Participant: 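Structure provided below as C-alpha cells; questions to follow.
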Amino acid sequence: MPTQSMEQLVSLCKRRGFIFQTNEIYGGLQGVYDYGPLGVELKENLKKAWWTAMVYSRDDVEGLDASILTNKKVLKYSGHEDTFTDPLVDCKDCKNRMRADHIKDSKCLHCGSTNLTEPRPFNLMFRTNIGPVSDDDSYAYLRPETAQQIFTNFKNVVDSTSKSIPFGIAQIGKAFRNEITPRNFIFRVREFEQMELEFFVKKGEDEDWHKYWIKERINWWVQQGVEKDKIKVLNVPQEELSHYSKATIDLMYEFPHGVEELEGIANRTDFDLGSHSKNQEDLDITADVLKNKDSNARLAVQNIDSKKWEVPYVIEPSAGVDRGVLAILNESYKEETLENGKNRVVLALKPHLSPIKAAVIPIKKNDSTIVDFSKKIKDNLQKLGLGRVVLENTGNIGKSYRKHDEIGTPICITIDFETLEDSTVTVRDRDSMEQKRVKVETLDNLMRNLLVK
Ligand code: ATP
C-alpha cells in the first residue's frame with residue numbers, strides 16, 4: 001500500500017472531523033491537537049484494542065489509571081529532573097531557539113547567522129503550581145511519561161492483587177513534553193497519550209522477556225492493520241540509550257514524513273523500582289541509582305527459596321497513541337479510480353477500529369414509515385454494544401456511501417420500500433462495494449461476524 005502524503009491525511013482529518021488544531025479560533029496552540037467526533041472513536045478503539053490484548057487476554061497483567069499531576073520527588077529520583085533535557089542553542093541575531101542536534105554547519109536554521117550561543121540543556125517537563133501559594137517549593141509536574149506512576153504504585157498493586165513476578169501493570173493516559181520543535185501533525189506534540197506496560201521479571205530472565213515483548217508488539221501492530229514490512233526494528237546504539245536502559249528496541253514506522261519511532265521497547269533493569277525504593281543498601285540494586293532519602297516503601301519482592309528481597313527488572317513496551325492513530329490512518333487511506341472513471345477515497349480500517357461500525361440509510365428521508373423502520377434497525381444494532389451505529393438520513397444514497405467509504409465505515413445498510421414488504425435490506429461492503437440483499441434478522445450476526453474475532 002502506498003504511503004500517503006501528510007497533506008492528504010491532514011485534509012481528510014479536518015474535512016471529516018477526525019482531528020483539529022486546538023483553539024484554532026484564537027490562532028491555535030503549537031503542538032497541541034483536538035480529536036473530533038470521528039477521531040475520538042478511532043482513538044478509543046485503538047486504545048481498547050491495546051487494553052484487550054495487554055490486560056484482558058492475559059492473566060499476568062493488571063491495569064492502572066494514575067494521576068497526571070506528579071510529586072516532584074518522583075521525577076527527581078527517576079532522573080527526569082536532571083536528564084530529561086535537549087541541548088538548545090539561541091541565535092543572538094534573530095533570537096530564535098533551536099535544538100543543537102538539528103543545526104548544520106554551525107548556522108542558525110532561521111537566518112543563517114553563525115552568532116549562536118553555546119548549547120544549554122533545556123528541560124522538557126511542564127511545571128505547574130499546586131495550591132494557592134505560588135512559591136518556589138509548591139510546584140508539581142505534569143507527567144512526561146505514564147511509567148513513573150506505575151512504579152510508584154508497584155507496592156499498592158502487589159499488595160492488593162497478590163501478583164507475583166513475572167507480571168505487569170498497564171496504563172494508558174496523557175503525557176506532556178515541552179518539545180522544542182513540535183511538528184509533523186500529531187507525530188510530535190506537546191500533549192499526547194501513551195500506552196505503557198511495565199512488565200516485572202526476575203533478573204536474568206530479562207533478556208528473554210525483552211525478546212518476547214518485541215515479537216508480541218510487532219504482532220499487535222500487524223493485527224491493527226500495519227503492514228509488517230513498514231515496521232523496522234532498530235536496536236538503539238549504546239551511546240544513545242536513555243539513562244535507565246540496558247537495551248532498547250525502537251519499532252520504526254514509515255510515516256508520511258519519514259521513518260520514525262512508533263513504539264520503544266526498553267529493558268529498564270532494576271533502575272526504576274530501585275530508584276524509588278527505601279532501604280536501597282539492603283537490596284543488591286544493579287543499576288546506578290540516586291540515594292533515596294524520601295521513599296517510605298520497599299519496592300521489592302521476596303524470593304521464595306532464599307527469602308531474600310529482590311528488586312525485579314522491568315521490560316517496558318511504550319507506544320504513542322497519537323503516533324498509532326497517524327500510522328493507522330496512513331495505512332488505511334486509499335484513493336481509487338473506479339470502473340466508471342470516478343475516484344473514491346476509502347479508509348480501509350480494520351472494522352474493530354472503525355469509528356462507525358454501520359450506517360443505516362433510509363432510501364427516502366421524508367417517508368416516515370421507512371425512517372421509523374430504519375431507526376428501529378439502528379437501535380437494535382446499537383444495543384449489541386459493538387460500537388457506534390448511525391442513522392444516515394440525508395436521502396442521498398450515493399453521497400452517504402462516499403462519506404462512509406471516506407470515514408471507514410465497514411458496512412452501509414439501506415432500507416427501501418421492499419424492506420417494508422419482505423423484511424430484507426441491502427448491505428453494501430466498503431471494500432468490495434458489493435451489495436447484497438439480506439433478511440433483517442440476520443443483521444445481528446452479520447455485525448458480530450464483522451467485529452468479534
Ligand atoms: P522521540 O525520540 O521520537 O522523541 P522518545 O524516544 O523520546 O521519542 P519515548 O520516551 O520512548 O519517546 O516514549 C514512548 C513513546 O511515546 C514513543 O515511542 C512515541 O510513540 C510516544 N511519544 C514520545 N514523545 C512524543 C511526542 N512528543 N508526541 C507524540 N508521541 C510521543
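Remember, it's a predicted structure, so these values are computed and weren't measured experimentally. Remember, it's 1-based here, ligands and their atoms both numbered in the order they're listed. FYI, the numbering just counts along the sequence from 1.
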Participant: Ring centroids only, cut at 6.0 angstrom: are His257 and Phe185 within range, meaning strictly under it?
Facilitator: no

Participant: Counting non-hydrogen protein atoms only, what is the nearest one to atom 19 (C) of ligand 1? Give residue, atom name and distance.
Facilitator: Arg323 NH1, 3.5 Å

Participant: Taking only heavy atoms of Glu263 into account, list the atoms of ligand 1 that are under 4.0 Å away from them.
Facilitator: 18 (O)

Participant: Could you tell me whether some N/O pair between Arg188 and ligand 1 is separated by less than 3.5 angstrom?
Facilitator: yes

Participant: Looking only at distances, please establish whether an N/O atom of ligand 1 is found under 3.5 Å from an N/O atom of Ile186.
Facilitator: no

Participant: May I ask you to identify the nearest protein heavy atom to atom 21 (C) of ligand 1, giving residue, atom name and distance to one decimal place in Å?
Facilitator: Gly320 CA, 3.7 Å

Participant: Could you tell me whether Ile304 atom CD1 has more than 12 heavy atoms of other residues or ligands within 6.0 Å of it?
Facilitator: no

Participant: May I ask whether Glu145 has any heavy atom positioned less than 4.0 angstrom from an atom of ligand 1?
Facilitator: no

Participant: With heavy-atom distances below 4.0 Å as the criterion, list the atoms of ligand 1 near Gly264.
Facilitator: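 Reading through ligand 1 atom by atom, the close ones are 18 (O).
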
Participant: Give the residue, atom name and distance (to 0.1 Å) of the protein heavy atom nearest atom 13 (O) of ligand 1.
Facilitator: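 Sorting protein heavy atoms by distance from atom 13 (O) of ligand 1 puts Gln194 NE2, 3.4 Å first.
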
Participant: Taking a cutoff of less than 4.0 Å between a non-hydrogen atom of the residue and any ligand atom, is Asp322 in contact with ligand 1?
Facilitator: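 No; Asp322 lies far enough from ligand 1 that no heavy-atom distance drops under 4.0 Å.
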
Participant: Would you mind checking which non-hydrogen protein atom is closest to atom 22 (N) of ligand 1, with the distance to 0.1 Å?
Facilitator: Phe192 CE1, 3.5 Å

Participant: Just how far is it from atom OG of Ser275 to atom NZ of Lys76, taken to the nearest 0.5 Å?
Facilitator: 12.0 Å

Participant: With a 4.0 Å heavy-atom cut-off (strictly under), which part of Leu262 contacts ligand 1: side chain, backbone, both or neither?
Facilitator: backbone

Participant: Go through the structure and list residues passing salt bridge (Lys or Arg N to Asp or Glu O under 4.0 Å) with Asp86, not counting sequence neighbours.
Facilitator: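 Asp86: salt bridge (Lys or Arg N to Asp or Glu O under 4.0 Å) contacts with Arg99.
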
Participant: Would Asp282 and Arg298 pass as an ion pair if we require N to O under 4.0 Å?
Facilitator: no

Participant: Got a second to check how far Lys350's NZ is from Gln223's CD, nearest 0.5 Å?
Facilitator: 8.5 Å

Participant: Establish, for the pair Arg428 and Tyr401, whether the NZ or CZ atom is under 6.0 angstrom from the six-membered ring centre and no further than 45 degrees off its axis.
Facilitator: yes

Participant: Atom 23 (C) of ligand 1: which protein heavy atom is closest, and how many Å away?
Facilitator: Arg177 NH1, 3.5 Å

Participant: Tell me the protein heavy atom at minimum distance from atom 28 (N) of ligand 1, and give that distance in Å.
Facilitator: Val189 N, 3.0 Å

Participant: Considering heavy atoms of the protein only, find what lies nearest to atom 14 (C) of ligand 1 and give residue, atom and distance to 0.1 Å.
Facilitator: Ser318 OG, 3.0 Å

Participant: If the threshold is 4.0 Å, N to carboxylate O, is there a salt bridge linking Lys47 and Glu44?
Facilitator: yes

Participant: Under a 4.0 Å heavy-atom limit, does Arg190 contact ligand 1 with its side chain, its backbone, both, or neither?
Facilitator: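 None of Arg190 does.
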
Participant: Report the distance from atom CG of Leu347 to atom CD1 of Ile407, rounding to the nearest 0.5 Å.
Facilitator: 9.0 Å

Participant: To the nearest 0.1 Å, how far is atom 29 (C) of ligand 1 from its closest protein heavy atom, and which atom is that?
Facilitator: Phe187 O, 3.1 Å

Participant: Between Ala319 and ligand 1, does any nitrogen or oxygen pair lie at a separation below 3.5 Å?
Facilitator: no

Participant: Out of Glu261, Glu196, Glu191, Glu316, indicate the one that has the non-hydrogen atom closest to atom 8 (O) of ligand 1.
Facilitator: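 Answer by nearest heavy atom: Glu261.
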
Participant: Tell me if the centroids of the rings in Tyr212 and Phe199 come within less than 6.0 Å of each other.
Facilitator: no

Participant: What distance separates Phe20 CZ from Asp34 CG, expressed to the nearest 0.5 Å?
Facilitator: 8.5 Å

